[in-house]
Amino acid sequence: MINIDELGARIIFTISIGDGNLYITESTVFGVIVAVIIAGLGIWMGSGLKMIPTGKKQIAAEAMVGWIYKFTRENMGRANEGYAPYIGTIFAFILFGSSLGIFGLRPVTADLNVTAALAIMTFMIIQISGIRKLGVKGRLKEMAEPYPFIFPMKVLEELTLPVSLALRLFGNIFGGVIVVDLWMGFMEYLSGLLTDVPFLRAVTVLPLNGFFDMFEPVIQTYIFTMLTMVNLASAIGGVANSTVTKLPDSRAS
């Protein structure tokens with residue numbers, strides 16, 4: 001059985017601040033580690049570049065950057081491909097942060113605090129970009145199109161977007177953590193009926209690891225970044241519906 005008190009992220013260490021304590025959880029530690037690794041790889045792959053690509057490192061770097069810009073351009077329009085660095089950053093962070101289960105670690109996106117922070121950051125970028133591009137009046141006018149009476153629904157849609165983004169990512173990744181833990185506990189019980197060695201845990205969990213720690217992170221990363229791009233493009237009025245190659249269903253899991 002899973003102890004409900006152990007479902008949250010573990011506290012790694014505590015910092016005393018005045019009369020209170022600041023708790024540093026494994027989500028914070030692993031998130032920082034993932035960010036540092038991504039930044040380090042970016043700096044390493046971006047160093048020593050030449051006008052004419054030479055070496056596998058530069059070829060790989062240009063291929064990845066080119067794909068991110070193409071991905072952004074196809075879904076937001078050429079005029080908005082400047083958002084590619086942000087899209088590429090959240091794509092890499094969510095993908096690697098959600099795949100930590102491969103190494104036996106808790107995924108950082110299994111923490112609602114992390115997914116909420118990502119969703120709020122995306123929400124702020126959408127609103128700020130919309131106001132910078134259209135102005136306050138233009139942004140409000142865009143939200144009242146094509147009919148003024150839909151303005152309240154547009155406001156509600158904007159306010160629920162970060163909630164939807166945060167809960168969708170958290171729910172799917174955290175659900176995978178629970179399923180794997182339940183299965184491993186069940187396999188340990190079955191193994192105990194035969195021997196003291198929990199051999200079934202090491203064998204039968206591999207397909208679940210492949211799905212929840214490899215396939216599911218890719219799907220959730222794609223959905224989060226796609227919804228980010230679609231809503232950002234809509235806010236700044238820089239893309240027609242026909243430009244978006246495929247809009248994921250907001251109910252996708």
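None of these values were measured; they are calculated from a predicted model.
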How far apart are the C-alpha atoms of F212 and V179, what are their side-chain angles, what is the distance that settles it, and do they pass the side-chain contact (heavy atoms from CB on, under 4.5 Å) test?
CA-CA 9 Å; F212 289 111; V179 169; 3.7 Å; yes

Evaluate M226 against F71 for side-chain contact (heavy atoms from CB on, under 4.5 Å), listing each step before the verdict.
CA-CA 9 Å; M226 276 294 297; F71 184 50; 4.0 Å; yes

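- Using a 4.5 Å heavy-atom cutoff, the side chains of Y83 and S129 are in contact.
- With rounding to the nearest 0.5 Å, the separation of CD in E26 from CD1 in I11 is 10.0 Å.
- Nearest heavy atom pair, residue L232 against residue I125, reads CD1-O, 4.1 Å.
- Residues satisfying the side-chain hydrogen bond (donor to acceptor under 3.5 Å, both in side chains) test with E157, not counting sequence neighbours, are none.
- Remark: the backbone N or O of A119 is not paired with any side-chain donor or acceptor of T122 at under 3.5 angstrom.
- Criterion: ILVMFWY side-chain heavy atoms under 4.5 Å apart, direct or through other members. Under it, V136 and M143 are part of a common hydrophobic cluster.
- Side-chain atoms of T228 and Y86 form no donor-acceptor pair, as typed in the model, at a separation below 3.5 Å.
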Using the rule given for ring-ring contact (aromatic ring centres under 6.0 Å, His included), can you reason through F91 versus W67, listing the C-alpha separation, both sets of side-chain angles and the distance that settles it, and then say yes or no?
CA-CA 12 Å; F91 189 97; W67 180 82; 5.6 Å; yes

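- For the pair F93/L118, a side-chain contact is recorded, criterion being any heavy-atom separation below 4.5 Å from C-beta on.
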Hey, mind stepping through T115 and T109 against side-chain hydrogen bond (donor to acceptor under 3.5 Å, both in side chains) and telling me if it holds?
CA-CA 6 Å; T115 61; T109 48; over 6 Å; no

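- The CD1 atom of I33 sits 6.5 Å away from atom CZ of F30, with the distance rounded to the nearest 0.5 Å.
- Rounded to the nearest 0.5 angstrom, T160 OG1 and F123 CZ are separated by 9.5 Å.
- Relative orientation of the F211 and F215 rings is tilted, given thresholds of 30° and 60° on the angle between their planes.
- Between Y23 and N21, some side-chain heavy-atom pair lies under the 4.5 Å cut-off.
- Hydrophobic clustering (side-chain heavy atoms under 4.5 Å, transitive across Ile, Leu, Val, Met, Phe, Trp, Tyr) keeps I38 apart from V32.
- Between K57 and S47, the closest side-chain pair of non-hydrogen atoms falls below 4.5 Å.
- Between P217 and I173, the shortest heavy-atom contact is CA-CD1, 4.5 Å.
- Under a hydrophobic-cluster definition in which Ile, Leu, Val, Met, Phe, Trp and Tyr are linked whenever side-chain heavy atoms come within less than 4.5 Å, directly or via other members, I128 and I90 are assigned to different clusters.
- Within the 4.5 Å cutoff, the side chain of Q220 has no heavy atoms near those of the F224 side chain.
- There is no path of hydrophobic side-chain contacts, each under 4.5 Å, that joins L159 to L227.
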Take V114 and S27 through the side-chain contact (heavy atoms from CB on, under 4.5 Å) test and state the conclusion after the steps.
CA-CA 8 Å; V114 175; S27 297; 4.1 Å; yes

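- Contact detail for G48 and Q58: the closest heavy-atom pair is O-OE1, 4.4 Å.
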Test I24 against T14 for side-chain contact (heavy atoms from CB on, under 4.5 Å), laying out the working first.
CA-CA 6 Å; I24 306 300; T14 304; over 6 Å; no

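- A side-chain N or O of R139 and one of Q127 form a donor-acceptor pair less than 3.5 Å apart.
- There is a path of hydrophobic side-chain contacts, each under 4.5 Å, that joins F103 to F96.
- How far NZ of K133 is from CD of E142: 11.0 Å, rounded to the nearest 0.5 Å.
- Put simply, CZ on R106 and OG1 on T25 are 8.5 Å apart, with the number rounded to the nearest 0.5 Å.
- Of all heavy-atom pairs spanning G101 and P107, the tightest one is N-CG, 4.2 Å.
- We find the CD1-CG distance between I94 and L169 to be 5.5 Å, quoted to the nearest 0.5 Å.
- Side-chain contact check for I12 versus T28: every heavy-atom pair is 4.5 Å or farther apart.
- Within a 6.0 Å sphere centred on CE of M121, heavy atoms belonging to other residues, nucleotides or ligands number more than 12.
- G31 approaches V108 most closely through the heavy-atom pair N-CG1, 3.5 Å.
- Side-chain contact between L95 and V218 is present, with at least one heavy-atom pair separated by less than 4.5 Å.
- In this structure, I150 and E145 approach most closely via the heavy-atom pair CD1-O, 3.0 Å.
- Put simply, the side chain of N75 does not reach to within 4.5 Å of the side chain of V230, judged on heavy atoms.
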